[in-house]
Amino acid sequence: MDNKLRIYNSLSRKKEFFEPINPPYVGLYVCGPTVYGDAHLGHARPAITFDLLYRYLKHLDYKVRYVRNITDVGHLENDADEGEDKIAKKARLEQLEPMEVVEYYTHRYHRNMEALNVLRPNIEPKASGHIIEQQLMVEEILEHGFAYEVNGSIYFDVEKYNQSHHYGKLSGRKIEELQANTRRLEGQDEKRNPFDFALWKKAAPEHIMRWPSKWSNGFPGWHLECSAMSTKYLGEQFDIHGGGMDLLFPHHECEIAQSTAAHGKESVKYWMHNNMITINGQKMGKSLGNFITLEEFFRGNHKLLDKAYSPMTVRFFILQAHYRSTVDFSNDALQAAEKGLERLLKAKNTLHQLKPGKESSLNVDELAKNCYQAMNDDLNSPVLIAHLFEAVRFIHLIKEGKETIRAKDLEQLKELYQTFVYDILGLQQEETDRSELTTELIEMILHLRLEAKKNKDFATADKIRDELTRKGIIIKDTKDGFEWEW
RNA sequence: GGUCGGUUGGCCGAGUGGCUAGGCACUGGUCUGCAAAACCACGUACGGCGGUUCGAAUCCGCCACCGACCUCCA
């Protein structure tokens, strides 16, 4: 392929050619979930977006180290640096140990991700397991003069940092605007400026998640964990940092400031952000209370859902939109995705039944080129899918005898299909329960049905078909017999 | 209020200055005992008003509407 991968860098607001710092190695860090509740459709978006990136980078033979964290401490409920820890609150409400909450929802998150065929990252660090690293980073920032201590808590000095660096470069903000727009909140008297953020917080007496430090018994600030853990596992400078667009400010802006303040240089080369999933045009989010959990999608038990949608339908639905566009949830859209996916996946069976001919009326090289071009253009999965549907159409036409393909091209087409549909898009056939039926049994029943048809006993034939359909077996009558699949 | 982004045919959703994206749905047809599947045919869409251009949905300006971020959020 002569064209190369380009990705949109939020920092430059442009598509840039992807050039790793130390090829063939690629360091990828993505902000993972705060595990205080079930994952919803919104959580599936970054997971699938960066799964697509991870899969594609690996396909391009990069040696990728993919780190995605689990936030289990420090993520406060409310206004910056005040309020209760999300995990601790849940624990209090459920009368559980905070770590029980963390383990419970981490497990469920993994289960959902597995259902969506999202590959596990290489490293999945937890914030609570990296308190020492975070404390060391606080010390570095203090030593460099970009933080101050008040009453056992350490805050990042944004104004000081801004004198020598640009705080706001990622989100396109100016400190004066922040000054003008930041609301003055109660209980923030400790901070020199309202936009300063906590690196370490002294724990209030009722705060159960706390660790000793030279400053106080306390806990780390939310923004710090990603900086500390990405540094630990990917180094002071690494290639790609991803996450949802809503994290751009302040979370990622703070990460840049922290890393730069600690190490004297910026840590991330490419920032990538996936857009939001909306519901009736509004962002789907926990704080808005309009979210549908993945579990609810898979089971269909939510008042907004007409029916259950399989994990692969959800995955395909997300991949049908470009990751930087918002995508609006609706039953119609999900159902359209469901049918489209079925068509795409079923074509595989047809593809493997094809007989090669003397000539090819399809240019497989051209198709492959188009697929790579789509992916290279900032992971344009919707365009890739459009090309794959062109292939599907062609596959059907070959079967109908209206087009032909050479043996060599047929092999290439099979390989292409496997690569893009299964390996890169990560789509897979749904598992169905086949425990009570065997191939032999089904064949036997279908032959009985054929007998019935020959005897014009259509009532029996239809009854058999209905029963088997109920078991998830699809029957297609042909001129001289039948085909079936499950 | 500030910053940024969006507005594409019934629904979803790509996109480039001139060459039908794609999916789903609908309708008609082929096939079929009937279906299903598949195939064929079919839709001249790009928020509004100006401007640039031989030519704009695609570039520029203004307006309208919607959204995101500015507080935790994937």
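Below, read A as the first sequence line, B as the second, and so on, with proteins coming before strands; counting in each chain starts at 1.
- Not less than 6.0 angstrom separates the ring centroid of A:His107 from the ring centroid of A:His110.
- Judged by the 6.0 Å and 45° rule, A:Lys90 forms no cation-pi pair with A:Tyr105.
- Rounded to whole Å, the C1' atom of B:G5 lies 42 Å from the corresponding atom of B:A38.
- With B:C72, B:C69, B:A74 as the candidates, the nucleotide lying closest to the side chain of A:Met284 is B:A74.
- Where A:Lys283 and A:Ile277 meet RNA chain B, the nucleotide closest to each residue was compared, and A:Lys283 sits on the side nearer the 5' end.
- For the P atoms, the distance linking B:G48 with B:C11 amounts to 16 Å, nearest Å.
- Atom CD of A:Glu176 and atom C1' of B:G1 are 16 Å apart (whole Å).
- As a whole-Å value, the separation of A:Phe197 CZ from B:C72 P is 12 Å.
- Rounded to whole Å, the distance from CZ on A:Arg324 to P on B:A74 is 22 Å.
- Annotation: B:C24 and B:G43 have their C1' atoms spaced 14 Å apart (nearest Å).
- When the salt bridge (Lys or Arg N to Asp or Glu O under 4.0 Å) test is applied to A:Lys174, no partner is found at least two apart in sequence or on another chain.
- If you measure from atom CD of A:Glu255 to atom C1' of B:A74, you get 14 Å, rounded to the nearest angstrom.
- At a threshold of 4.0 angstrom between heavy atoms, the contacts of A:Met276 include nucleobase atoms, whether or not backbone atoms are also involved.
- The same atom, P, is picked in B:A45 and in B:A37; the two are 31 Å apart, to the nearest Å.
- At a threshold of 4.0 angstrom between heavy atoms, the contacts of A:Gly42 include nucleobase atoms, whether or not backbone atoms are also involved.
- For the C1' atoms, the distance linking B:C46 with B:G13 amounts to 13 Å, nearest Å.
- To the nearest angstrom, C1' of B:G23 lies 13 Å from CG of A:Asp332.
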Taking protein heavy atoms under 4.0 Å as touching, what does nucleotides 25-40 of chain B look like 5' to 3' if B marks base contact, S marks sugar-phosphate-only contact and - marks none? S-------BBBBSSSS
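- For the residue pair A:Glu403 / A:Ser361, a side-chain donor-acceptor distance below 3.5 Å is found, with atom types taken as modelled.
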Dot-bracket encoding of pairs in RNA chain B, which uses [ ] for pseudoknotted crossings and | for another strand, Watson-Crick or G-U under 3.5 angstrom: (((((((..(((.....[...)))..((((.......)))).....(((((..]....))))))))))))....
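- A:Tyr8 and A:His322 share no donor-acceptor pair across their side chains, judged by distance under 3.5 Å alone.
- A:Tyr36 carries A:Lys286 over the face of its six-membered ring, with the cationic atom under 6.0 Å from the centre and within 45° of the normal.
- Residues A:Lys126 and A:Glu103 are paired through a salt bridge, judged by an N-O separation under 4.0 Å between the basic side chain and the carboxylate.
- For the side-chain hydrogen bond (donor to acceptor under 3.5 Å, both in side chains) with A:Asp378, the lone residue among A:Arg6, A:Arg324, A:Lys15 that qualifies is A:Arg324.
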Could you run down the sub-3.5 Å N/O contacts of the protein with nucleotides 12-15 of chain B?
{"unit_1": "B:G13", "atom_1": "OP1", "unit_2": "A:Asp328", "atom_2": "N", "d": "3.3"}
{"unit_1": "B:A14", "atom_1": "OP1", "unit_2": "A:His322", "atom_2": "N", "d": "2.8"}
{"unit_1": "B:A14", "atom_1": "OP1", "unit_2": "A:Ser325", "atom_2": "OG", "d": "2.9"}
{"unit_1": "B:G15", "atom_1": "OP1", "unit_2": "A:Asn380", "atom_2": "ND2", "d": "3.3"}

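- When the C1' atom is compared between B:C19 and B:A56, the two are found 15 Å apart, to the nearest whole Å.
- When the C1' atom is used for both B:C31 and B:U44, the distance is 31 Å, rounded to whole Å.
- Take A:Thr293 and apply the side-chain contact (heavy atoms from CB on, under 4.5 Å) test, not counting sequence neighbours, and it matches A:Asp38, A:Phe291, A:Glu295, A:Glu296.
- B:G1 atom C1' lies 14 Å from atom CZ of A:Arg173, rounded to whole Å.
- Screening residues 327-357 of chain A for ring-ring contact (aromatic ring centres under 6.0 Å, His included) gives A:Phe297-A:Phe329 as the qualifying pairs, with residues at least two apart or on separate chains.
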Go through A:Lys202 and A:Glu190 one step at a time and tell me if the salt bridge (Lys or Arg N to Asp or Glu O under 4.0 Å) criterion holds. CA-CA 12 Å; A:Lys202 181 180 176 179; A:Glu190 285 183 359; over 6 Å; no
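- Atom CG of A:Leu247 is separated from atom C1' of B:A74 by 6 Å (rounded to the nearest Å).
- With 3.5 Å as the limit, one finds no donor-acceptor pair spanning the side chains of A:Gln134 and A:Trp200.
- Atom name P, nucleotides B:G29 and B:A35: the rounded distance is 12 Å, in whole Å.
- Both A:Ala337 and A:Arg13 lie close to RNA chain B; mapped to their nearest nucleotides by heavy-atom distance, the more 5′-ward contact belongs to A:Arg13.
- Tested against A:Ser171 for a side-chain hydrogen bond (donor to acceptor under 3.5 Å, both in side chains), the candidates A:Glu253, A:His251, A:His252 yield a single pass: A:Glu253.
- If you take CG of A:Leu248 and C1' of B:C69, they are 8 Å apart, rounded to a whole angstrom.
- For A:Gln282, the listed nucleotide lying nearest its side chain is B:A68; candidates were B:A21, B:A74, B:A68.
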